[in-house]
Amino acid sequence: MIDLRSDTVTRPSAAMLQAMMAAETGDDVYRDDPTVNALEAEAARLSGKEAALFFPTGTQANLVALLSHCERGDEYIVGQQAHNYKYEAGGAAVLGSIQPQPILAAEDGTLPLDLVAAAIKPDDIHFARTRLLSLENTHHGKVLPLDYLARAYAFSRERKLALHIDGARIFNAVVAQNVTLEAIARYCDTLTICLSKGLGTPVGSLLCGDKAYIERARRWRKMAGGGMRQAGILAAAGLYALQHNVARLKEDHDNAAWLGQQLQQAGVEVVDQQTNMLFVRVPAEQVQALQSWFAQRDVLLSVGPVTRIVTHLDVDRHALEQLVAHWKAFLQR
Ligand SMILES: *Cc1c(COP(=O)(O)O)cnc(C)c1O
């Protein structure tokens with residue numbers, strides 16, 4: 001089976017499972033799971049923030065991040081296609097009474113600061129209070145430029161907004177830009193990180209920020225049902241991933257670039273390729289046929305007019321060669 005739907009499909013390796021089995025555990029709600037504490041300390045160190053908090057999912061981490069920044073009747077400015085606007089079931093509005101103000105991202109995945117400025121509401125009883133700017137890095141594979149982040153951060157200070165980065169795939173940006181996590185995270189107040197995508201753990205996300213913020217988040221996490229007990233088993237996978245699975249993300253990026261070239265040579269139109277994501281155009285009349293062609297050949301791919309192909313640590317170059325061969329055979333059928 002070749003699964004290119006997402007990098008969430010990665011499974012724990014034998015070595016990661018070993019680390020999980022060997023994990024020392026305690027009760028993390030009592031704060032005495034040493035492995036969770038070690039993972040949170042490591043995330044804080046890497047991001048240059050004072051503290052971090054472990055979550056079962058990125059969606060819960062993003063929700064708690066919003067709840068810890070905004071009160072009922074507050075507003076956050078966010079991308080129209082951002083995960084924490086579009087793909088989290090409206091959680092901020094439903095569970096937090098927080099109003100999203102979505103705006104269109106630019107071609108490069110940034111939120112243009114003039115559009116952000118225009119969306120900020122004046123202090124007037126007619127309006128929700130604009131409190132937070134939320135960016136996503138990487139955004140559909142696109143790495144936000146550091147000079148943009150620096151400008152966005154300075155802007156947020158000027159306008160008295162907090163700045164959150166949904167960094168579900170932030171380590172893809174770290175590897176693509178060849179910088180430390182801290183070099184990116186210095187331009188935000190808070191940051192979420194997914195361990196269960198390209199980093200390859202079965203479960204887990206982190207929220208990083210200052211101590212007082214993370215203490216608030218700890219209460220919201222308990223309320224959201226995210227206070228886990230012997231979570232050290234899961235945190236051990238996270239520690240393993242941070243140690244062993246970050247630098248290798250470059251292989252995923254190289255594989256996505258290679259696959260893009262191969263498909264282009266085969267006559268497939270490449271729309272975009274950055275980091276571990278490749279987007280190709282599939283003519284409308286081919287969509288269904290291609291979907292079943294792959295299904296019959298043990299390839300899992302969500303085929304659409306623009307098809308997203310995601311590389312990860314469970315697909316190697318050989319698997320991608322097979323994919324190219326299947327695609328060529330389809331076009332020559
Ligand atoms: C995957 C993802 C999340 C969190 O997803 P979960 O499946 O809940 O862990 C958040 N933001 C972005 C940009 C994502 O890609």
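Source: prediction; values computed, not measured. One-based numbering, in listed order, for ligands and for the atoms of each.
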* **Pairwise distance OG(Ser6) to CG(Leu301) - rounded to 0.5 angstrom** =>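 Result: 11.5 Å between the selected atoms.
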
* To do: Indicate the ring-plane relationship of Tyr213 and His69, choosing parallel, tilted or perpendicular according to the 30° and 60° boundaries.
  =>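 Aromatic pair Tyr213/His69 classed tilted.
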
* Please report the C-alpha distance between Thr35 and Glu24 in whole Å, then the side-chain angles of each, then the deciding distance to 0.1 Å, and finally whether the side chain to side chain donor-acceptor pair (under 3.5 Å) criterion is met. => CA-CA 6 Å; Thr35 312; Glu24 196 187 335; 5.8 Å; no

* Asked: Applying the 4.5 Å side-chain criterion to the ILVMFWY set and letting contacts propagate, would Val315 and Phe279 be lumped into a single cluster?
  ->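 No; Phe279 is not reachable from Val315 via cluster members.
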
* Strictly by modelled atom types, are Asp166 and Asn62 linked by a side-chain donor-acceptor pair under 3.5 Å? ->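 Asn62 and Asp166 do have a side-chain donor-acceptor pair below 3.5 Å.
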
Starting from the N and O atoms of ligand 1, collect every protein N/O partner closer than 3.5 Å and put each pair on its own line with the distance to 0.1 Å.
| unit_1 | atom_1 | unit_2 | atom_2 | d |
| --- | --- | --- | --- | --- |
| ligand 1 | 8 (O) | Gly58 | N | 3.4 |
| ligand 1 | 8 (O) | Thr59 | N | 2.9 |
| ligand 1 | 8 (O) | Thr59 | OG1 | 2.6 |
| ligand 1 | 9 (O) | Gly58 | N | 2.8 |
| ligand 1 | 11 (N) | Asp166 | OD1 | 3.2 |
| ligand 1 | 11 (N) | Asp166 | OD2 | 2.6 |
| ligand 1 | 15 (O) | Arg169 | NH1 | 3.0 |
| ligand 1 | 15 (O) | Lys197 | NZ | 2.6 |

* Any salt bridge between Arg169 and Asp7, counting N to O under 4.0 Å? ->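 The answer is yes: the pair qualifies as a salt bridge.
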
